Amino acid sequence: MELIYASDKIKIQCTSMKAASKLFGGDAVLARSLLARMNALQGAETIKDIIVQPTFHFHKLENKNGRDLEGFFAIDVKSRREQWRIILQPLDENGKPYIPCNIDRIAGSVKIVEIVEVSKHYE
């Protein structure tokens with residue numbers, strides 16, 4: 001699958017062990033887990049390959065605090081016990097978001113995702 005990053009900063013955080021470790025306050029376990037998730041996303045044929053793996057806990061995001069999150073999804077960086085999530089958005093073959101984004105219908109054909117952020121999304 002092709003990964004597009006929302007910014008250069010996010011790309012560096014998701015591809016550099018040093019930057020990932022800094023993001024997680026020096027937690028090397030979380031940093032390794034983030035890089036492993038990125039490798040899994042890149043190695044997947046389509047987003048469906050990620051959705052069907054329970055350990056990723058792929059889930060739809062709800063609108064929160066006035067932030068429109070329609071069409072955005074998250075996966076766990078490490079596990080449900082950790083608060084860190086990788087926020088992503090499926091894109092069509094032209095690099096545009098699906099509107100509306102019915103993931104159940106498009107999962108088998110989504111080959112591009114944008115990594116929007118890595119954060120403690122629920123804080």
Side-chain angles (χ1 to χ4, degrees):
M1 196 159 44
E2 180 183 350
L3 302 182
I4 296 173
Y5 298 89
S7 71
D8 288 340
K9 179 182 178 182
I10 293 167
K11 182 176 184 175
I12 292 167
Q13 288 173 336
C14 293
T15 58
S16 161
M17 183 64 178
K18 182 178 176 182
S21 184
K22 184 177 177 182
L23 171 68
F24 299 121
D27 189 329
V29 173
L30 277 174
R32 278 193 300 278
S33 185
L34 173 62
L35 271 56
R37 294 291 200 225
M38 291 297 112
N39 286 337
L41 284 166
Q42 215 164 16
E45 179 100 12
T46 66
I47 194 73
K48 186 174 184 177
D49 296 338
I50 300 301
I51 293 170
V52 298
Q53 295 186 41
T55 55
F56 286 89
H57 192 255
F58 183 91
H59 57 284
K60 182 178 180 172
L61 296 178
E62 303 293 328
N63 294 339
K64 181 179 173 185
N65 299 331
R67 188 171 172 196
D68 182 11
L69 297 170
E70 186 63 37
F72 290 86
F73 300 85
I75 61 174
D76 297 340
V77 167
K78 184 177 175 216
S79 69
R80 295 300 303 145
R81 281 181 254 128
E82 298 288 340
Q83 295 178 340
W84 290 93
R85 304 289 178 264
I86 301 163
I87 312 302
L88 55 89
Q89 182 176 36
L91 303 176
D92 66 18
E93 62 278 353
N94 298 315
K96 303 288 183 203
Y98 286 89
I99 301 174
C101 185
N102 185 336
I103 198 67
D104 295 332
R105 289 194 184 139
I106 63 172
S109 62
V110 174
K111 295 183 179 198
I112 305 171
V113 295
E114 180 179 22
I115 306 302
V116 179
E117 67 183 45
V118 178
S119 65
K120 290 184 179 181
H121 175 72
Y122 297 103
E123 279 190 349

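The shown structure was predicted, so the numbers you read here are calculated from the model rather than taken from an experiment. Throughout, residue positions are numbered sequentially from 1 according to the sequence presented.
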Counting only heavy atoms not in E45, do more than 12 sit closer than 6.0 Å to its CD atom?
no
Who pairs with E82 by salt bridge (Lys or Arg N to Asp or Glu O under 4.0 Å), at least two apart in sequence or on another chain?
none
What closest approach, in Å, do I87 and S119 show between heavy atoms, and which atom pair accounts for it?
CG1-OG, 4.4 Å
May I have the step-by-step check of side chain to side chain contact (heavy atoms under 4.5 Å, CB included) for M1 and V113, ending in yes or no?
CA-CA 8 Å; M1 196 159 44; V113 295; 4.0 Å; yes
How many angstroms lie between atom CG of L34 and atom NZ of K78, to the nearest 0.5 angstrom?
13.0 Å
Start with the C-alpha distance between L41 and F56, add both sets of side-chain angles, then the distance that settles side chain to side chain contact (heavy atoms under 4.5 Å, CB included), and finish with yes or no.
CA-CA 10 Å; L41 284 166; F56 286 89; 5.6 Å; no
Reported CD1-to-CD1 distance for the pair I10 and I115, which is rounded to 0.5 angstrom:
9.0 Å
Between the main-chain N or O of K18 and the side-chain N or O of S21, is there a donor-acceptor pair closer than 3.5 Å?
no
Rounding to 0.5 Å, atoms OG1 (T55) and NE2 (H57) come to a distance of 11.0 Å
Side-chain (N94) to main-chain (K96) donor-acceptor, under 3.5 angstrom:
no
I need the minimum non-hydrogen distance between L91 and V110, along with the two atoms involved.
O-CG1, 4.1 Å
Taken to the nearest 0.5 Å, the spacing of M38 CE from Y5 OH works out to 5.5 Å
Assign the ring pair F24 / W84 to parallel, tilted or perpendicular, where the plane angle (0 to 90°) is split at 30° and 60°.
perpendicular
Between K60 and E70, is the side chain to side chain contact (heavy atoms under 4.5 Å, CB included) condition met? List the steps.
CA-CA 8 Å; K60 182 178 180 172; E70 186 63 37; 3.7 Å; yes
Do Y98 and I112 sit in the same hydrophobic cluster, where Ile, Leu, Val, Met, Phe, Trp and Tyr count as joined when their side-chain heavy atoms come under 4.5 Å apart?
no
Decide yes or no on side chain to side chain contact (heavy atoms under 4.5 Å, CB included) for L61 and H59, but give the supporting numbers first.
CA-CA 6 Å; L61 296 178; H59 57 284; 4.2 Å; yes
Could you state the interatomic distance from SG (C14) to CZ (R37), rounded to the nearest 0.5 Å?
12.5 Å
A107 and I47 have their tightest heavy-atom pair at O-CG2, 3.3 Å
Taking salt bridge (Lys or Arg N to Asp or Glu O under 4.0 Å) as the test, write out the residues that go with D76, two or more places apart.
R80, R85
How close do A20 and L35 get, counting heavy atoms only, and between which atoms?
CB-CD1, 3.8 Å
In Å, rounded to the nearest 0.5 Å, how long is the span from NZ of K111 to NZ of K48?
13.0 Å
How is the hydrophobic cluster of I12 composed, in terms of its other members, when Ile, Leu, Val, Met, Phe, Trp and Tyr link through side-chain heavy atoms under 4.5 Å apart, directly or indirectly?
none
Is there a path of hydrophobic side-chain contacts, each under 4.5 Å between heavy atoms of I/L/V/M/F/W/Y residues, joining I106 to I51?
yes
Identify the heavy atoms of L23 and Q13 that sit nearest to each other, and give their distance.
CD1-NE2, 3.7 Å
Should we count CG of N102 as having more than 12 external heavy atoms under 6.0 Å?
yes
